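Remember, predicted model here, so these are calculated numbers, not experimental data. The chain is numbered in sequence order, starting from 1.
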Amino acid sequence: MRNLKVLLVTIFMIPHVGGLWKYMLQVKQGLEALGHQVDMMGDGIDCFYIYGEDNRKVLKSHFKPMLEYKLPTTSPIFTDHWVRYAESERLSLELSLTYLGLEQYDVIHAQDVLAAAAASRVKPARIPLVTSIHASVAFTIRDMLQTDQGIKPSSAPLVWNYYRSIENIGGSFSDHVMLASKWLQDVMVSHFALPESKISLIPYAMDISSFDNRMKMEHDLSRPESKKVMISTSRLSSEKGIHVLLEALGKLFNIRQDWVCWLVGDGDQRSMYEERVDQLGIGEAVHFWGSRDDVPVLLGIADIFVMPSLMETLSYSVMEAQLAGLPVVSSDAGGLKEAVQHEVNGLLFPAGDEDRLMAHLDRLLEDEAYRQWLGEQARQWALVHRGLDTMVTRVLEVYRKEISKK
């Protein structure tokens with residue numbers, strides 16, 4: 001069968017620290033290893049562009065003045081700055097896709113519902129649109145509304161309705177939708193009326209040999225003497241539940257001090273978390289590493305991995321920890337319980353339950369044999385279920401199926 005030319009497109013910034021960017025890179029890597037050609041398009045702050053190609057970008061300044069003029073100011077929904085900005089970005093992406101030309105591609109693979117909504121309006125009819133939905137943008141916005149993150153209460157219904165509509169449009173206008181977890185599939189079917197016949201459940205995966213090699217890279221890092229190392233690799237934002245972890249660590253520190261916890265990542269809540277660490281008196285045990293490009297090395301040094309997220313589809317961070325042979329202590333949020341089975345390859349606690357989290361950490365620190373056994377189980381499970389070849393083969397099957405329909 002002939003090789004394909006594929007466009008992976010997202011409305012979000014690329015490159016970026018996070019699961020979406022990792023997924024794009026791995027799909028590109030896997031497809032190109034089979035001889036296919038893959039372009040990646042996303043936000044470059046002042047432009048939308050094809051990653052790695054300086055001459056294929058479109059400045060947003062070409063469109064923004066026109067869009068600001070055209071978007072109605074009398075409509076209540078467009079007076080909200082959240083909605084107005086999102087719609088302006090979506091239309092800028094739509095116009096950028098038109099300018100750069102989609103005729104050259106065999107498949108357009110959107111990475112979010114906003115990109116899918118944009119591509120669906122301007123792509124040639126013969127080209128299938130496949131969409132990977134990595135998280136429910138509407139549910140993310142709903143949670144932000146509930147925590148009052150910069151959204152006025154009077155605007156909340158408008159913002160929610162806009163993103164709910166986009167979620168519905170992005171899914172329904174796609175020829176096929178790929179989801180990484182059964183939990184997200186249930187959300188999309190029950191809340192956004194996405195037909196199950198259009199869905200393929202394809203969990204995330206990794207290039208395992210590449211990860212193993214990165215984990216064994218030479219380094220000058222050292223672990224603290226006579227202490228176990230707990231590690232959490234995550235964006236420092238409220239939905240990732242780091243505040244729950246800190247409260248649990250504060251309670252754990254009161255009963256034992258034979259541990260340190262490394263927080264790897266950055267985000268808008270970092271200063272608040274650093275302040276809370278000082279308030280809890282655990283500054284000597286909790287270390288903020290910031291964003292790092294040697295996460296596999298850090299995982300190789302650590303003893304326990306913690307995922308306290310309040311909302312998660314299926315975490316790359318958990319996958320990496322399992323491949324590193326670490327026992328995973330994870331919340332049961334979203335699709336996490338599909339990767340972590342309680343007392344089989346890790347330990348689960350109810351999302352937000354700092355006491356249960358603390359108890360699990362205490363148990364693993366106390367029982368060395370059990371900790372090592374859970375880590376070995378995690379590694380074996382990941383080797384069976386998280387190979388990149390399997391994921392890429394299934395993605396390619398979806399592409400060819402939709403091409404044949406067209």
Side-chain angles (χ1 to χ4, degrees), residues 1-10 14 18-41 51 104-112 115-116 119 123 126-135 171 174-185 188 194-214 296 313-324 335 338-339 345 378-406:
M1 300 181 73
R2 70 182 180 88
N3 290 332
L4 304 179
K5 186 169 184 180
V6 180
L7 175 65
L8 308 179
V9 57
T10 178
I14 61 171
L20 183 149
W21 177 239
K22 288 181 181 178
Y23 178 82
M24 292 177 71
L25 286 174
Q26 287 167 353
V27 171
K28 178 180 173 68
Q29 171 192 343
L31 290 174
E32 289 183 340
L34 297 174
H36 304 286
Q37 184 177 344
V38 182
D39 289 339
M40 299 189 295
M41 182 176 181
Y51 180 74
Q104 60 190 294
Y105 296 104
D106 297 295
V107 178
I108 298 167
H109 185 171
Q111 303 300 311
D112 57 86
K123 73 176 185 64
R126 67 170 180 82
I127 302 176
L129 172 63
V130 175
T131 301
S132 286
I133 299 178
H134 300 283
S174 300
D175 294 296
H176 204 89
V177 172
M178 294 189 288
L179 304 174
S181 73
K182 181 66 168 60
W183 169 81
L184 186 57
Q185 176 176 317
M188 298 307 298
L194 189 64
E196 288 193 56
S197 59
K198 295 178 65 171
I199 298 173
S200 287
L201 194 61
I202 306 178
Y204 299 145
M206 289 189 63
D207 183 336
I208 295 174
S209 61
S210 174
F211 177 85
D212 287 346
N213 289 335
R214 291 177 61 203
T313 301
L314 195 63
S315 170
Y316 269 99
S317 295
V318 166
M319 195 187 314
E320 291 176 335
Q322 290 175 323
L323 287 171
E338 297 173 40
N345 62 0
R379 167 80 178 176
Q380 291 305 312
W381 189 90
L383 289 175
V384 172
H385 294 90
R386 292 297 183 249
L388 182 61
D389 290 347
T390 301
M391 184 190 80
V392 172
T393 298
R394 295 189 62 196
V395 169
L396 194 55
E397 287 173 353
V398 170
Y399 289 172
R400 293 202 185 281
K401 178 181 177 182
E402 295 306 321
I403 289 171
S404 67
K405 289 181 180 179
K406 292 291 183 180

query = Does V107 reach the side chain of V398, with side-chain heavy atoms less than 4.5 Å apart?
reply = no

query = Of the non-hydrogen atoms in M41 and I14, which two are nearest, and what is the gap between them?
reply = C-CD1, 3.6 Å

inquiry  = For the CH2 atom of W183 and the CE atom of M188, what is their distance to the nearest 0.5 Å?
reply    = 10.0 Å

inquiry  = As a quick check of understanding, evaluate side-chain contact (heavy atoms from CB on, under 4.5 Å) for I202 and M391, giving each step before the final call.
reply    = CA-CA 7 Å; I202 306 178; M391 184 190 80; 3.8 Å; yes

inquiry  = Tell me whether the count of non-hydrogen atoms from other residues, nucleotides or ligands lying under 6.0 Å of NZ in K5 goes above 12.
reply    = yes

request  = Mind checking the OG-CD spacing from S200 to E402? Nearest 0.5 Å is all I need.
outcome  = 8.0 Å

query = Do NZ/NE/NH1/NH2 and the carboxylate oxygens of E320 and R214 come within less than 4.0 Å?
reply = no

query = Closest heavy-atom contact between A382 and L323?
reply = CB-CD2, 3.5 Å

ask   = Do L7 and I127 touch side chain to side chain, with heavy atoms closer than 4.5 Å?
value = no

task = Quick one: closest heavy-atom pair of A180 and T313, and the distance?
result = CB-CG2, 4.5 Å

Distance (rounded to the nearest 0.5 Å) between M178 CE and I133 CD1 = 10.5 Å

task = Rounded to the nearest 0.5 Å, what's the gap from NZ on K198 to CG on L179? Could you check?
result = 11.5 Å

inquiry  = Looking at every non-hydrogen atom in both residues, tell me the closest pair between R126 and Y105 and how far apart they are.
reply    = NH1-O, 3.6 Å

query = Taking the side chain from Q111 and the backbone from L20, do they hold a donor-acceptor pair closer than 3.5 Å?
reply = no

key: R394 and E397 ion-paired at < 4.0 Å   = no

ask   = When the ring planes of H109 and Y23 are compared, do they come out parallel, tilted or perpendicular, using 30° and 60° as the limits?
value = perpendicular

request  = Measure across A339 and L314 and return the closest heavy-atom pair with its distance rounded to 0.1 Å.
outcome  = CB-CD1, 4.0 Å

message = With heavy-atom distances below 4.5 Å as the criterion, would you say the side chains of D112 and H134 are in contact?
response = no

message = Go through it in stages, so that I can follow the logic: the residues are L396 and L4, the test is side-chain contact (heavy atoms from CB on, under 4.5 Å), and I'd like the CA-CA distance, side-chain angles, deciding distance and then a yes or no.
response = CA-CA 9 Å; L396 194 55; L4 304 179; 4.0 Å; yes

key: For F211 against A324, the heavy-atom pair lying closest together   = CE2-N, 3.9 Å

key: Step-by-step side chain to side chain donor-acceptor pair (under 3.5 Å) determination, D106 to Y399   = CA-CA 9 Å; D106 297 295; Y399 289 172; over 6 Å; no

request  = Compare all side-chain heavy atoms of Y51 with those of K28 and state whether any distance is below 4.5 angstrom.
outcome  = no

message = Keeping Q185 on the side-chain end and I199 on the backbone end, is there a donor-acceptor pair under 3.5 Å?
response = no

query = Side chains of Q29 and D207: closer than 4.5 Å at any heavy-atom pair?
reply = yes

remark   = d(N213 CG, I208 CD1) to nearest 0.5 Å is 12.0 Å

ask   = So, do L25 and M40 sit near enough that their side-chain heavy atoms are less than 4.5 Å apart?
value = yes

task = Taking the side chain as every heavy atom from C-beta outward, state whether K405 and P128 have any pair of such atoms under 4.5 Å apart.
result = no

NE2 on H385 to CG on N345, rounded to 0.5 Å = 9.5 Å

ask   = Are the side chain of S174 and the backbone N or O of V177 linked by a donor-acceptor pair below 3.5 Å?
value = no

key: Beyond-backbone contact of L8 with T10, side-chain heavy atoms, under 4.5 angstrom   = no

